[in-house]
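So the structure is just underneath, and the comments pick up after that.
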There are 4 protein chains.
Amino acid sequence: MASPNDDMFGGFDMNSIDYVLPDDINGDLLDGNFFFVGNIPTKEEYPGPFNFTLTMDTNGQKWVYSKPLEQVFIGMNKVLVLNFHTELQLPLDEGYYIRALPVYSNNEHINVPVCRCTFHAFEDDPQSQAHHTPDKCRCEEFNNVGHVVRAQCRDAIYCFDKHSGRHSVMIPVNRPQPGSDKIAIPYSFACKTSCQGGMQRRAIHLIFTLETIDGSILGRRILGIKICSCPKRDKERQEKDFYADKLGENQSKQRLPQSNNEPKTKKIKLEHLELLQPPKAPVDGDLKREIKDFKKMFDDFSSSLNSLMSMHSKMLQKMKRIDELQRSFTF
Amino acid sequence: MASPNDDMFGGFDMNSIDYVLPDDINGDLLDGNFFFVGNIPTKEEYPGPFNFTLTMDTNGQKWVYSKPLEQVFIGMNKVLVLNFHTELQLPLDEGYYIRALPVYSNNEHINVPVCRCTFHAFEDDPQSQAHHTPDKCRCEEFNNVGHVVRAQCRDAIYCFDKHSGRHSVMIPVNRPQPGSDKIAIPYSFACKTSCQGGMQRRAIHLIFTLETIDGSILGRRILGIKICSCPKRDKERQEKDFYADKLGENQSKQRLPQSNNEPKTKKIKLEHLELLQPPKAPVDGDLKREIKDFKKMFDDFSSSLNSLMSMHSKMLQKMKRIDELQRSFTF
Amino acid sequence: MASPNDDMFGGFDMNSIDYVLPDDINGDLLDGNFFFVGNIPTKEEYPGPFNFTLTMDTNGQKWVYSKPLEQVFIGMNKVLVLNFHTELQLPLDEGYYIRALPVYSNNEHINVPVCRCTFHAFEDDPQSQAHHTPDKCRCEEFNNVGHVVRAQCRDAIYCFDKHSGRHSVMIPVNRPQPGSDKIAIPYSFACKTSCQGGMQRRAIHLIFTLETIDGSILGRRILGIKICSCPKRDKERQEKDFYADKLGENQSKQRLPQSNNEPKTKKIKLEHLELLQPPKAPVDGDLKREIKDFKKMFDDFSSSLNSLMSMHSKMLQKMKRIDELQRSFTF
Amino acid sequence: MASPNDDMFGGFDMNSIDYVLPDDINGDLLDGNFFFVGNIPTKEEYPGPFNFTLTMDTNGQKWVYSKPLEQVFIGMNKVLVLNFHTELQLPLDEGYYIRALPVYSNNEHINVPVCRCTFHAFEDDPQSQAHHTPDKCRCEEFNNVGHVVRAQCRDAIYCFDKHSGRHSVMIPVNRPQPGSDKIAIPYSFACKTSCQGGMQRRAIHLIFTLETIDGSILGRRILGIKICSCPKRDKERQEKDFYADKLGENQSKQRLPQSNNEPKTKKIKLEHLELLQPPKAPVDGDLKREIKDFKKMFDDFSSSLNSLMSMHSKMLQKMKRIDELQRSFTF
DNA sequence: CAACATGTAGATGCACATGTTA
DNA sequence: TAACATGTGCATCTACATGTTG
Ligand SMILES: [Zn+2]
Ligand SMILES: [Zn+2]
Ligand SMILES: [Zn+2]
Ligand SMILES: [Zn+2]
């Protein structure tokens, strides 16, 4: 995870927080599109060959940034300007893009796409026409109804990946950059992290990737974000909790398995709409009802399968680790 | 508004709280259908010619009733059994009905129909097909998607008034009642009073009317209700506030509190309701094909799953073996 | 499920309870070994071509039988004599067997084999040598350590099915039967239904199948059983509950989906041994620990997969039903 | 037995309950190692030359302490932090340890070692390899399988005395203590007092001894403890019984109650303990192969699972489509 | 921004299930 | 067989998360 450091870009933007990480592993593995493990996007920072970095100006903003939590707190539909920068000049022969993709922070939900909630989506597309068929997205025709993350600029490209079902937004960076390759992108967010029938109080991270037109990934940066009504209050409370936790932790130095940048886990009620639907008697062998029932079963099954997948992906990691360990043994 | 009085139905049901009002004013004025003032239903109690009354058994229920507030507090989708009774025998030559209609308590919203929220409606009708055209309601085809108030019995009739845009539910009472005309109706509620994009924290009342088939109103009873997650807590708080207010009487500084239930003066007759009975029709060829396709996919999936299981069981064995081996080694 | 009727085998055994069912469906489907749906044995009664029946003498026994519950209550290691009978003479050219197989009553656990608990198994095989490898069972060498159901006769054959991991016991019936083919088998049970680390308070049924030597199934009978310390007390309590439930049910005639002979569901704590194991710090990249961790993850995954399978099998049923319904539609 | 006295460590920790006993009898008799009478450890308090004391903070803990019973009630695997203290500075030339040893309270069982139950031990060592030979203990290799009492700190030393067959845990206290020699040890307990095949509802006491490296005993403190599921309830009941008994004093008709803690008179020295440090050894070739195999299987499984997921996602689409179709039809 | 409204998750408590003792 | 011991499941409560109001 990024370790902010306020004074880089010497003399350039003193209030910018820097997210540059020391060159890390696994960058080389990723040269295709999203690097998915069963629909799970990577949340690893990756400066890449051009040292792709993310900074932000935290002064006088309407949002707040928590250093210890490495997280932005912002109101819905407010603008968050982020600065992206590459240390080395990008070759100009190609088109480059910065993609912003939201993912759930918690591993339990990381495999489900982050979408708008029914309530907010209803305003833009009351009849769910934009996503009538699951592998097709007509968001553009409906005010980008499905996109939580938006870029407030003309040249934003709203994307939908039909395999993962995820929405993201891309900004081209191929305009000539004077001096250093720095670009400021004004983002906004069209749902709260707490939206019922949407993110449902599940924390999210934003994944920013520097990509070529063909989807090759040249850098990746991660940023935690909470979209809520009282950013300041929530930031303060969470920081307080964070420090309290750290104190309690120090005492007995507990090893928490919280992999990735998964925050302290907390069970979330996934409003699977209590199906206490009126206990109707079997009116008559009604096909319709049966299909409906099956649909419910199938939905349950699917969510079960999802959690299975998440377990599986954890096993995959572990297996990798074991493999490494084992190889390194001398025998 | 109902004022409970514990000793009616002498020796009938000692745990029933009785809502009979001493014959009150203006009852005689109302002998026709609903009385609206620009889509505003009447919230006046009216025993009518048969002394129509509402009672309930408050013992050992999952909901709670606040006497001072004259309000029921209940969880979503929980059942509230209400007892209706007429002192005089209803003539048997006609059909009678008891209608339940929710209205906002506050005058500011009393003219807007009480509907389900986008979130909960989405479950039953993601494409808002049931209310595609404003003066038409196809709720019946969509699990009564728009109805907040439901009756958990077979013979419930779900109504929609196209002039007011209001949903209500009716129960026929024309079956011969032995002894007294008492009927117990199990209601449930498919949204919370706080539902975002629905009732939005606006208090509501239920209006129960005894009607003939042609819509003439023979009695009316009112009951405040709050559908929420913590009925007990909320009842207690609101009662506390209620008493606190009564003390400081003059400065009523509450937010948007539970009611302005003043009797309206001008009233208008409610349209006759369209009783949509779900017309049975044959399954469509398209659907049939889709189902067939799905079945095929499902079969494939199942066999795949089976082979997965067999792989899994082999893994289980292997894992056991590894475990043994590992344990037997000291390293 | 069997409907006991005390006076069959006219003059033969007046106290025998009869489990004959009117010839039922699906018998013809089963002519192989166990009829598994993803490791789920069938719990349907099937008299078969010889009208295979199960009776018992309920007088003066140390165990008790509850007619309404269709269940035997018996102490651990006590003997339960069951009488099996075929109406038609079995052809003598072949060997026949009666197999007794215990399964969990509740669908949630029906796919996991019924085994002895760690505590009781420990006495016979402290080092778990009998089931060192999962597809091999050396129970015979260890006092039949894994068998909950035992037959107290010399010619009992203790079986293990490596695919399902289930233990069962078979008795040959090929000795010449005078008059009617009746055989009395004395069973006993080596664990309680409540055994921690074994059945863990999960209700079970016994499945008795009449089989040929090659595993063809000629009849099947089902019997609920609870092995406990106070059979009488528990029977009485459960009957009381049963009747109380029936009363409450009649009132509002709720449609419970409790398929098969699954009793009223009750969540069971599957002592997955709270792994609050001392939060050890990562001493050093210890392969051993990693493997152990992986094992835990794998175990969780496996149990998840199991429940997935159970959901899947329910979906299978539903799909079948839909298919039938759909075919029967005229369009 | 400890008798709490609230005001020691004047001004030190007001919430700490202090267990210092006024120098009691026979303390001076014991200046060597454990004192056994045929494998019976001493349960006498002994402040020793440094006034060794035991205190605990009973505020806001997840466990409860009963003063009248002089006993802690705690859930399994929960942490109990105990504070040990010596009034006089320990000479720094030697290593000192605090040992925690559980013993049965009742004289009838005091001579049998307190061990983990078969059920809980099974998790860590299904084949009972750790205690294959009675005078050898390889607990360390099996997650300390035999130890009921554990210390949640890195430097815990798990001991086994082959003569008595008892497991205990020691914590070194030889690090320089600023000011007073106070040390807080977080203990946890890996079986319930009621565990079948283990403690089997037999009450236990913990014996804490301050020892030198060579086993000389410099102090001893005793604490009753019950590890159970409902600490609060059980504490209250036992206190009630305790007071009831005190009233009816004479007829002590309790079942197998919490203690006969009478001082034993004859004592014997405990053997020197073998401190098994887990010897690191290379991985075995067999294991390596198995892991490799498993990895392969797992990879296959994973890819299978992936394809399953893709099938599943197609089914999801189809299901959605069916749902739409079905909704749009009135049948 | 403070006070409040209201949903959620985890803790607590209670009634029951079930073994044990006498 | 009755009284008790003790684990379990569920109902309830409490603290908190988070939106809303003024
Ligand atoms: Zn939203
Ligand atoms: Zn709603
Ligand atoms: Zn057992
Ligand atoms: Zn145990």
Side-chain angles (χ1 to χ4, degrees), chain A residues 73 75-76 119 192-196 199-203 226-234 236-238 240-241 264-271, chain B residues 62 73 75-76 192-196 200-203 226-234 236-238 240-241 253-258, chain C residues 73 75-76 119 192-196 199-203 226-234 236-238 240-241 264-271, chain D residues 62 64 73 75-76 192-196 199-203 226-234 236-238 240-241 253-258:
Chain A
F73 294 76
M76 182 173 156
F119 176 58
K192 293 175 199 155
T193 332
S194 63
C195 271
Q196 172 195 43
M199 290 181 273
Q200 297 203 138
R201 274 160 296 110
R202 291 174 287 183
K226 177 175 184 182
I227 308 137
C228 55
S229 297
C230 311
K232 202 160 300 182
R233 175 189 66 178
D234 292 356
E236 273 152 23
R237 176 175 306 259
Q238 285 184 215
K240 208 188 60 188
D241 288 357
K264 51 214 106 311
T265 311
K266 202 170 286 187
K267 249 173 247 162
I268 300 287
K269 182 180 159 199
L270 267 205
E271 287 255 17
Chain B
K62 279 160 299 198
F73 294 77
M76 182 173 155
K192 292 173 198 157
T193 330
S194 63
C195 269
Q196 171 195 45
Q200 297 203 129
R201 272 159 296 107
R202 290 173 289 183
K226 176 175 187 182
I227 307 135
C228 55
S229 295
C230 309
K232 201 161 301 182
R233 176 189 65 180
D234 292 356
E236 272 152 25
R237 172 174 307 256
Q238 285 185 212
K240 209 189 60 188
D241 289 355
K253 55 189 292 248
Q254 278 175 296
R255 286 288 168 73
L256 53 100
Q258 69 274 0
Chain C
F73 295 76
M76 181 172 155
F119 177 57
K192 293 176 199 155
T193 330
S194 62
C195 270
Q196 172 195 41
M199 291 181 272
Q200 295 204 139
R201 273 159 297 108
R202 290 173 288 184
K226 176 174 184 182
I227 307 137
C228 55
S229 297
C230 311
K232 201 160 300 181
R233 175 189 67 178
D234 292 356
E236 272 153 25
R237 175 175 306 258
Q238 283 183 215
K240 209 189 59 189
D241 289 356
K264 53 214 107 311
T265 310
K266 202 171 285 185
K267 248 172 249 163
I268 299 286
K269 182 181 159 196
L270 265 204
E271 288 255 17
Chain D
K62 279 161 299 196
V64 290
F73 294 77
M76 182 173 153
K192 293 174 198 157
T193 332
S194 63
C195 270
Q196 172 196 42
M199 290 181 273
Q200 298 205 125
R201 274 159 293 106
R202 291 174 287 184
K226 177 175 186 183
I227 307 136
C228 55
S229 295
C230 309
K232 202 162 300 183
R233 176 189 65 179
D234 292 356
E236 272 152 25
R237 171 173 309 257
Q238 286 184 210
K240 209 189 60 190
D241 289 355
K253 52 187 296 245
Q254 277 176 298
R255 287 287 168 73
L256 56 97
Q258 70 271 1

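The chains referred to below are lettered A, B, ... by the order of the sequence lines, with proteins before strands, and numbering in each begins at 1.
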With a 4.0 Å limit, can you tell me whether B/Ser194 has a side-chain N or O closer than that to the phosphate oxygens OP1/OP2 of E/dG7? yes
Nearest 0.5 Å please: distance from the SG atom of A/Cys230 over to the CZ atom of A/Arg237. 10.5 Å
With nearest nucleotide decided by heavy atoms, which residue, C/Cys230 or D/Cys230, maps closer to the 5′ end of DNA chain E? D/Cys230
Starting at CG of C/Asp234 and ending at P of F/dT8, how long is that distance when rounded to a whole Å? 17 Å
Phosphate-side-chain proximity, D/Lys192 and F/dT8, N/O vs OP1/OP2 below 4.0 Å: yes
Whole-Å distance, C/Met76 CE to E/dG19 P, equals 11 Å
Reckon B/Lys226 has a side-chain N or O less than 4.0 Å from the OP1 or OP2 of E/dA5? no
Please report how far the helix from E/dC1-F/dG22 to E/dA22-F/dT1 bends, comparing the axis fitted to its first five pairs with the axis fitted to its last five, to the nearest 10 degrees. 10°
B/Lys232: what forms a side-chain contact (heavy atoms from CB on, under 4.5 Å) with it, not counting sequence neighbours? B/Val64, B/Glu236
note: C/Glu236, atom CD; E/dT18, atom P; distance rounded to Å ~ 15 Å
Here the gap from A/Lys226 atom NZ to A/Arg201 atom CZ, rounded to the nearest 0.5 Å, amounts to 10.5 Å
Measuring from B/Asp241:CG to B/Asp234:CG, what's the distance to the nearest 0.5 Å? 10.5 Å
Can you tell me how far P of F/dT8 sits from CZ of C/Arg202, to the nearest Å? 13 Å
Nucleotide nearest C/Ser229 (side chain, heavy atoms from C-beta), chosen from E/dT20, F/dC16, F/dT6: E/dT20
Side-chain N,O (C/Arg237) to OP1/OP2 (E/dA17) below 4.0 Å: yes
Whole-Å gap separating P (F/dG19) and CD1 (A/Ile227): 10 Å
Separation of atom CD in B/Gln196 from atom P in E/dT6, rounded to whole Å: 14 Å
Distance-only donor-acceptor test (3.5 Å): side chain A/Arg201, base F/dG19: no
State which residues pass side-chain hydrogen bond (donor to acceptor under 3.5 Å, both in side chains) with D/Gln196; sequence neighbours excluded, sorted by chain then number. none
Rounded to the nearest 0.5 Å, how far apart are NZ of A/Lys192 and CZ of A/Phe119? 8.5 Å
Just N and O in the side chain of B/Lys232: are any of them under 4.0 Å from OP1 or OP2 of F/dA11? no
How many whole angstroms separate atom CZ of C/Phe119 from atom C1' of E/dT20? 13 Å
Can you check whether C/Met199's main-chain N or O pairs, donor with acceptor, with C/Arg202's side chain at less than 3.5 Å? yes
